[in-house]
Amino acid sequence: MMEVRIHKSRLELIEGDITKQDTEAIVNAANSRLAGGGGVDGAIHRAGGPQIMEECRKIGGCPTGEARITTGGNLKARYVIHAVGPVYRDGRHKEPEYLASAYKYCLKHASEYKIKSIAFPSISTGAYGYPIEKAADIALSTVIDYLKSHPEIELIRFILFSADTYRSYERALSLLTEK
Ligand code: ADP
């Protein structure tokens with residue numbers, strides 16, 4: 001586990017399973033149809049029960065680089081924020097912009113709903129193929145930037161599912177926070 005202070009808030013990296021988190025919101029790495037799938041998406045719908053999918057169906061979908069919010073069903077978290085990251089092609093199809101934008105949308109929803117604690121998975125780095133080192137740098141710099149002007153968010157956690165992913169985020173965070 002790694003923990004740093006950013007302005008008035010706390011930023012943590014933890015190796016684990018996001019469905020077990022007790023932050024007010026957890027983020028899902030969803031697809032643009034909000035239709036469920038494998039990876040973290042499947043795990044969240046399995047753990048949270050059918051109510052989340054029912055709400056997703058009503059919302060209908062979400063463009064790449066944006067996010068939509070539902071309740072958390074049976075999860076400990078009160079809300080799930082479904083973020084749609086980009087499928088990685090070669091890095092020249094606005095993938096960095098879309099990835100940063102997906103994180104920003106989640107944070108904007110959090111501020112709007114007065115959510116003080118939020119847990120993120122590593123969006124786009126599973127089935128969507130985003131290179132982990134690049135994705136970790138974008139994810140962390142985007143949330144760090146946001147926290148600097150949004151002290152209302154007290155805690156941001158990244159829940160990394162493997163030791164390798166965790167180490168990549170740890171490296172990226174060290175580079176971003178050392179002087
Ligand atoms: P994407 O389609 O956006 O790439 P994936 O779900 O395939 O989404 O992968 C995103 C990341 O989520 C990967 O690092 C994967 O290992 C991780 N992951 C899978 N299950 C969980 C879980 N239960 N909690 C946290 N992270 C998870």
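Hydrogens, waters and symmetry mates are skipped; everything else that's a heavy atom, side chains included, is used. Numbering of ligands and ligand atoms starts at 1, following listing order.
Of the polar atoms of I18, at least one N or O is found under 3.5 Å from an N or O of ligand 1, judged by distance alone. Checked by distance only, ligand 1 and V40 come closer than 3.5 Å through their nitrogen or oxygen atoms. Any N or O atom pair closer than 3.5 Å counts here, and S122 shares no such pair with ligand 1. Residue D41 places no N or O, backbone or side chain, under 3.5 Å from any N or O of ligand 1.
Protein heavy atom closest to atom 4 (O) of ligand 1, with residue, atom name and distance, is G126 N, 2.8 Å. Ranking the protein heavy atoms by distance from atom 3 (O) of ligand 1 puts S124 N, 2.9 Å first. The protein heavy atom nearest to atom 14 (O) of ligand 1 is T125 OG1, 3.4 Å. The nearest protein atom to atom 26 (N) of ligand 1, hydrogens excluded, is given as F161 CB, 3.4 Å; this is a heavy-atom distance. For atom 23 (N) of ligand 1, the closest heavy atom belonging to the protein is D17 OD1, 2.9 Å. Regarding atom 7 (O) of ligand 1, its nearest protein heavy-atom neighbour is A127 N, 2.8 Å.
Using a 4.5 Å heavy-atom threshold, the side chains of Q21 and R157 count as touching.
For G85, the closest heavy-atom approach to ligand 1 does not fall below 4.0 Å.
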Run the ring-ring contact (aromatic ring centres under 6.0 Å, His included) check on Y128 and Y88 step by step: do they pass?
-> CA-CA 6 Å; Y128 281 6; Y88 190 85; over 10 Å; no
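Looking at K20 and D17, a side-chain N of the basic residue comes within less than 4.0 Å of a carboxylate O on the acidic one, giving a salt bridge. Salt bridge K134/D137: absent, no basic N to carboxylate O contact under 4.0 Å. Looking at R57 and E55, no side-chain N of the basic residue comes within less than 4.0 Å of a carboxylate O on the acidic one, giving no salt bridge.
Side-chain contact annotation: T165 with S168, donor-acceptor N/O pair under 3.5 Å absent.
With Y98 as the aromatic partner, K94 does not meet the cation-pi criteria of under 6.0 angstrom to the ring centre and within 45 degrees of the ring axis.
Classification of the H109-Y105 ring pair by plane angle, with boundaries at 30° and 60°, yields tilted.
Which parts of ligand 1 touch A29 is read off a 4.0 Å heavy-atom cut-off, strictly below it: atoms 3 (O), 8 (O).
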